2 protein chains.
Amino acid sequence: MLNNYIDTLKALADPNRLRLFWLLAHIDQRICVAEAMDVLGESHYNVSRNLKILLKANIVTASREGKWVFYTLNNDGSAFNQQILAAVRHIPAQEFSGEIQRCQLRLNMRRDGQCVVGPDSPEWQQALSNHL
Amino acid sequence: MLNNYIDTLKALADPNRLRLFWLLAHIDQRICVAEAMDVLGESHYNVSRNLKILLKANIVTASREGKWVFYTLNNDGSAFNQQILAAVRHIPAQEFSGEIQRCQLRLNMRRDGQCVVGPDSPEWQQALSNHL
DNA sequence: TTCTCATATGCATAAATGTGCATGTGTGCG
DNA sequence: CGCACACATGCACATTTATGCATATGAGAA
């Protein structure tokens, strides 16, 4: 009873996961674990497990492509989950610290729409410092 | 950063508080602690503290009237909080076990719109058994 | 196959959370 | 005033949760 709703709320009641979900809600694009790590500046364990929790809450979906696993907003969720998504979309970007910009920067490193560099790469470090 | 949003989500990510908030979202009426105790069948500590947590999250308001403290939906919250309220309204009554009916039963015990019996009263026990 | 890299997950620990008990605060009544 | 009742809150304890480490899985490249 109520478990689905509680799972969704708990999944988002954590700053790192809320950042992850908010980012997905705004870029309207899939993102892989390595990219999320760079954008959020979080460790691998952290990003991987937190995405898994969002997945179990059924608010994102995952699909493997070669080595990479891409996560995406789940647009086929319950009415409740869709309202929750609408709520998260109302959180203004000022509440975050450049996630959107860093994400654009990271997505620009793709080739033909595919992620080609792993997490914490020299390329990413350089792109980051160039951007300051 | 993000604290307001996290507070709201955490406040609702608990079955008892979600029940409380869902009830307030559906009866469209204020309710005092004693009434909430009877309707939800929870202890005083539990109801009082959980309502306080909803209050701190700014999704309900409180007002004292004599001995009684009435809690109500907060309709002046942030856009985020209002969307969250819309989400909670989408949770169907089947997810609960007669909260609405028990609440009607309890509100019928009021006189002139005022609560007149305390928690766990014989009157309430009798009303409950008559209703089965 | 073996190696490398991206991702996932079990284990241990520290921090946060929910609940019960006891006590404190505030209000109304006699 | 003193008492009763509705409600609030600090403390202790059990459970949950978030994180880091280590290791496992899975896919591509040599």
Side-chain angles (χ1 to χ4, degrees), chain A residues 2-3 6-7 9-20 30-57 60-71 106 109-110 114-124, chain B residues 2-3 6-7 9-20 30-57 60-71 106 109-110 114-124:
Chain A
L2 282 181
N3 283 327
I6 297 291
D7 283 349
L9 291 163
K10 278 191 181 176
L12 294 176
D14 173 85
N16 280 327
R17 289 195 293 270
L18 186 56
R19 284 206 296 157
L20 269 169
R30 61 188 196 165
I31 192 175
C32 72
V33 179
E35 291 168 333
M37 287 172 60
D38 283 347
V39 171
L40 300 184
E42 289 291 324
S43 68
H44 159 58
Y45 337 105
N46 230 325
V47 173
S48 179
R49 262 176 315 200
N50 282 335
L51 279 170
K52 186 75 171 192
I53 290 173
L54 296 178
L55 182 66
K56 282 185 181 166
V60 304
T61 61
S63 67
R64 175 178 282 273
E65 280 192 26
K67 298 195 290 189
W68 318 87
V69 175
F70 287 91
Y71 286 85
R106 189 57 166 85
M109 294 170 65
R110 289 185 180 174
Q114 272 298 339
C115 179
V116 290
V117 291
D120 228 7
S121 61
E123 293 93 327
W124 169 245
Chain B
L2 282 182
N3 283 326
I6 298 291
D7 283 349
L9 292 164
K10 278 191 181 176
L12 294 176
D14 172 85
N16 280 329
R17 289 194 294 269
L18 186 57
R19 283 206 297 158
L20 270 169
R30 61 187 197 166
I31 193 175
C32 72
V33 179
E35 291 168 333
M37 287 172 60
D38 282 347
V39 172
L40 300 184
E42 289 291 323
S43 69
H44 159 59
Y45 338 103
N46 229 325
V47 173
S48 179
R49 263 176 314 200
N50 281 335
L51 279 170
K52 185 75 171 193
I53 290 174
L54 296 178
L55 182 66
K56 281 185 181 167
V60 304
T61 60
S63 68
R64 176 179 282 272
E65 281 192 27
K67 297 194 290 189
W68 317 88
V69 174
F70 286 91
Y71 286 86
R106 189 59 167 83
M109 294 171 63
R110 289 185 181 174
Q114 273 297 338
C115 179
V116 290
V117 291
D120 228 10
S121 62
E123 292 92 327
W124 170 245

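Keep in mind the model is a prediction, meaning the values are calculated, not measured. First the proteins, then the strands, lettered A, B, ... as listed; each starts at 1.
- Here B/Tyr71 lies in heavy-atom contact (under 4.0 Å) with sugar-phosphate atoms only.
- B/Leu40 places none of its side-chain heavy atoms less than 4.5 Å from the side chain of B/Asn16.
- In this entry the distance linking CD1 of B/Ile53 with C1' of C/dG18 reads 8 Å, nearest Å.
- To the nearest 0.5 angstrom, B/Glu123 atom CD is 5.5 Å from B/Met109 atom CE.
- Residues from residues 36-46 of chain B lying near DNA chain C, meaning a heavy-atom separation below 4.0 Å, are B/Ser43, B/Tyr45, B/Asn46 in numerical order.
- For the pair A/Lys67 and C/dT7, the criterion of a side-chain N or O lying under 4.0 Å from OP1 or OP2 is not met.
- Residues A/Leu20 and A/Ala36 share a closest heavy-atom pair of CD2-CB, 4.0 Å.
- Regarding A/Asn3, its CG atom lies at a distance of 13 Å from the P atom of D/dT16, rounded to whole Å.
- The shortest side-chain heavy-atom distance between B/Leu51 and B/Val47 falls under the 4.5 Å cut-off.
- Looking at heavy atoms from C-beta onward, A/Tyr71 lies out of side-chain contact with A/Arg30 at the 4.5 angstrom threshold.
- If you measure from atom CH2 of B/Trp68 to atom C1' of D/dC5, you get 8 Å, rounded to the nearest angstrom.
- In this structure, CG of A/Leu12 is placed 15 Å from P of D/dT17, rounded to the nearest angstrom.
- Taking only side-chain nitrogens and oxygens, B/Ser48 never comes nearer than 4.0 Å to OP1 or OP2 of D/dC7.
- Note: CG (B/Asp120) to C1' (D/dA6) measures 14 Å, nearest angstrom.
- Contact annotation: A/Arg49 does not reach the phosphate of C/dG10 (side-chain N/O to OP1 or OP2, under 4.0 Å).
- Contact annotation: the side chain of A/Glu65 approaches that of A/Gln114 to within less than 4.5 Å [non-hydrogen atoms, C-beta and beyond].
- Of the candidate nucleotides C/dA6, C/dT19, D/dA27, D/dA27 has the atom lying nearest to any side-chain atom of A/Arg64.
- Rounded to a whole Å, the CG atom of A/Leu18 is 18 Å from the P atom of D/dT17.
- Summarising the geometry of B/Asp38 relative to B/Gly118, their closest heavy-atom pair is OD2-O, 3.9 Å, with the distance given to 0.1 Å.
- As a whole-Å value, the separation of A/Lys10 NZ from D/dT16 P is 9 Å.
- For B/Leu54 and C/dT17, the CG to P distance is 15 Å, given to the nearest whole Å.
- For B/Arg17 and C/dG18, the shortest distance from a side-chain N or O to OP1 or OP2 is below 4.0 Å.
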